[in-house]
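Report on the following structure.
In this text, all values refer to a predicted model and were calculated from it rather than measured experimentally.
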Amino acid sequence: MQYEQLAKDIIENVGGKENVISVVHCITRLRFKLKDEGKANTEVLKNMDGIVTVMKSGGQYQVVIGNHVPDVYKAVTAVGGFESQSPIEEEGGEKQGLFNAFIDMISGIFTPTLGVLAATGMIKGFNALFLSLGWYTDKSGTYNILNAIGDALFYFFPIFLGLTASKKFKGNQYIGMAIGAALVYPTLSGLTAGKPLYTLFAGTMFQSPVHITFLGIPVILMTYSSSVIPIILATYAGSKVEKWLAKVIPGVVKAFLVPFFTLLIVVPLTFIVIGPVATWAGQIVGAVTVWLINLSPIIAGLFLGAFWQVFVIFGLHWGLIPIAINNLSVMHQDPMLSLIFGASFAQIGAVLAVMIKTKDKKLKTLSIPAFISGIFGVTEPAIYGITLPKKKPFIISCIGAAIGGAVVGAFKVKTYLMGGLGIFAIPSFIHPKAGITMGFWGALIGAAVAFIFGFILTMLFGGLGKEGETDQTPVTPPSSSKQATEPDGQVEAVASPLTGEVKALSEIKDGAFSSGALGQGVAIEPSEGKLYAPVTGTVSALFPTNHAIGIKTDRGAEILIHIGMDTVQLEGKYFTGHIAQGDRIEKGQLLIEFDIEKIQEAGFRVTTPIVVTNDAQYKIKETVSKQIHAGEILLKITNHDQKPAAV
């Protein structure tokens, strides 16, 4: 229940539950599919306590929560009445491009399984580690029970994917599971056991198929345990057949005849056509992946290491993860996941440097949990809360990951199972039969190199000034006879960040601001495109497009400045930022420059609200001036138990 209010606020600000097509979650994010993303209040969500940031990628509206996202997800589905991990409605959504549709499909199918897949992989990895250390033999009961736990999910993976794929394709989930179960049926699976291996491509070995018949039709029987592509294609075909049958079969017998005919049509079709073709396709994909990486493992490591965190930010990693899972299923090893192993260690190396060097208490406090979660491979808090806002540390972490990836590539490290993240991924590099090999040590060396480079380069070149915050020098705004100074020790004066005409919030043509829902304050129609710091404090939020900024004063007041109306649609054009999120700023420092004429020519207003978002704690007195210069007193903020001075 502790997340109920957060869930209500999230649903309200994504446009209400009627705007939600579906919602799922991954390790750190709520992944919404919305009918109209324009109805979502992105700025409100990004500044909300309990939310790290908001991303839009792959046709999804992603609300980054952090490590406790499963609890928030439960609250969101309960409050919104959404079915867990399933679309509630499909009509009305925005049309997606082919790439976005592919990413959305893949993430929807694999996301629900990743937590358990990582957990079982970790169990199998640690079991292999304990076996190599001689703690027990492969004949012991302990080994075999742990191996059963670790193997079960991946061996019967088609059944699990049959469930998740059916949800994604709007089919009967139990039909999907039945198709998957048929693919791994023990009697049929036993026919392929022990078949000789043959070389298909680039030295990659595959099992020979078995030939049987179905009603006289030749069937090429393959091994489908742990497979990925066959069940996804079979389930897709099943959903289409099921929907067609549902239209032609009378309602009185539909409940059992639709599954009856769907299974009779789709399962044989899968064994005869879909399964073999999909298996060959998966083998070719795996072989080509290995061949490309083997052309130059070092260059491959440099590339994947450098861009992996960028792929994760935009959700593009979903185009690569299924390839890795496919490689593990058809070749029982994968070189790709090994190359990005060092990325999380480069990230926490950069975070550790920020934590040591910064003098900002808030940033130091945020760095500690971000570092800890990064050790276990969950790097979103580190990326969005620490390194990305500071820019240079994030770039350095990508460089460290690239160098670590090159080292791993030089050792030709392979991953042998889909295990955990961060340090929990270490057992994934233990060969299931040979035990600890040179590749295992190569993975550890690569991670250590990535961490060291991330740490040292951030310490030296991370863009942290003498005070550990910023190299930006405060700029004094135009002089005025009414410069803002503290009137006394009890009242906090907020200087005008702009020069222009003062307007009441009620005059703004934006319901969120004019109603006072976002806080008390005023608006300014600027005559000059320079925004200065109204107070001394910290940049608590900065929109990537530089059109909106949140500032927390040293006394705790939270100020939101939004340059123009709907200017987020300009995607940063005509805005130039001089600070980053988390920076320490001084009153009068130049924060943002913007081109008033270009913004207006693009059809947008430049009316700028300046509001105190935590206004419930304060009494706020507004200026009576109609014209104001940057640096003059705009607002005076007083705690409720104090008397505000006149402006």
Side-chain angles (χ1 to χ4, degrees), residues 6 25-30 45-55 62-72 118 305 308-314 317 340-401 404 420-425 447-448 450-459 461-464 468-470 538-542 544 550 552 580-584:
L6 177 60
H25 79 88
C26 56
I27 295 177
T28 59
R29 311 179 191 193
L30 296 173
L45 287 168
K46 292 183 77 170
N47 289 297
M48 194 180 294
D49 288 339
I51 295 176
V52 178
T53 191
V54 174
M55 298 292 300
Q62 303 172 12
V63 181
V64 183
I65 301 294
N67 301 350
H68 54 287
V69 68
D71 297 321
V72 178
W308 182 253
Q309 295 176 96
V310 178
F311 292 159
V312 171
I313 288 174
F314 291 101
H317 62 303
I340 55 92
F341 175 56
S344 61
F345 294 95
Q347 184 65 226
I348 62 174
V351 170
L352 181 61
V354 172
M355 182 169 59
I356 291 173
K357 200 167 184 181
T358 184
K359 298 294 190 292
D360 186 330
K361 293 182 179 179
K362 180 179 179 181
L363 188 60
K364 188 182 291 290
T365 301
L366 289 173
S367 299
I368 296 172
F371 177 79
I372 294 172
S373 64
I375 292 174
F376 304 111
V378 181
T379 55
E380 276 87 346
I383 293 173
Y384 295 120
I386 310 297
T387 61
L388 192 58
K390 304 296 276 183
K391 296 180 182 177
K392 287 184 180 179
F394 178 75
I395 295 172
I396 289 171
S397 73
C398 292
I399 295 172
L421 302 171
I423 60 171
F424 287 134
F451 175 84
I452 292 170
F453 269 86
F455 175 75
I456 293 177
L457 291 179
T458 303
M459 289 289 289
F461 310 109
L464 302 174
E469 309 310 324
T470 178
T538 304
V539 179
S540 56
L542 180 65
K552 187 170 185 178
Q581 185 168 323
D583 280 357
R584 175 77 179 169

Original post:
Roughly how far apart are Lys392 NZ and Thr387 OG1, rounded to 0.5 Å?
Top reply: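 The distance works out to 14.5 Å.
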Original post:
When rounded to the nearest 0.5 angstrom, what distance separates CD in Gln309 from OG1 in Thr379?
Top reply: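 With rounding to 0.5 Å, CD (Gln309) is 6.0 Å from OG1 (Thr379).
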So do [Y] and [X] actually touch side chain to side chain, heavy atoms under 4.5 Å?
{"X": "Phe376", "Y": "Ile348", "answer": "no"}
{"X": "Val69", "Y": "Arg29", "answer": "no"}
{"X": "Pro544", "Y": "Lys46", "answer": "yes"}
{"X": "Phe371", "Y": "Ile386", "answer": "no"}
{"X": "Asp583", "Y": "Lys390", "answer": "yes"}

Original post:
Do the ring planes of Phe341 and Phe345 sit parallel (below 30°), tilted (30 to 60°) or perpendicular (above 60°)?
Top reply: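 The arrangement is perpendicular - the two ring planes meet at more than 60°.
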Donor-acceptor contact below 3.5 Å, side chain [X] vs main chain [Y]:
{"X": "Ser397", "Y": "Gly454", "result": "no"}
{"X": "Gln581", "Y": "Leu542", "result": "yes"}
{"X": "Thr358", "Y": "Val354", "result": "no"}

Original post:
What do you reckon, is CZ of Phe394 surrounded by more than 12 foreign heavy atoms closer than 6.0 Å?
Top reply: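 Atom CZ in Phe394 is packed in, count exceeds 12.
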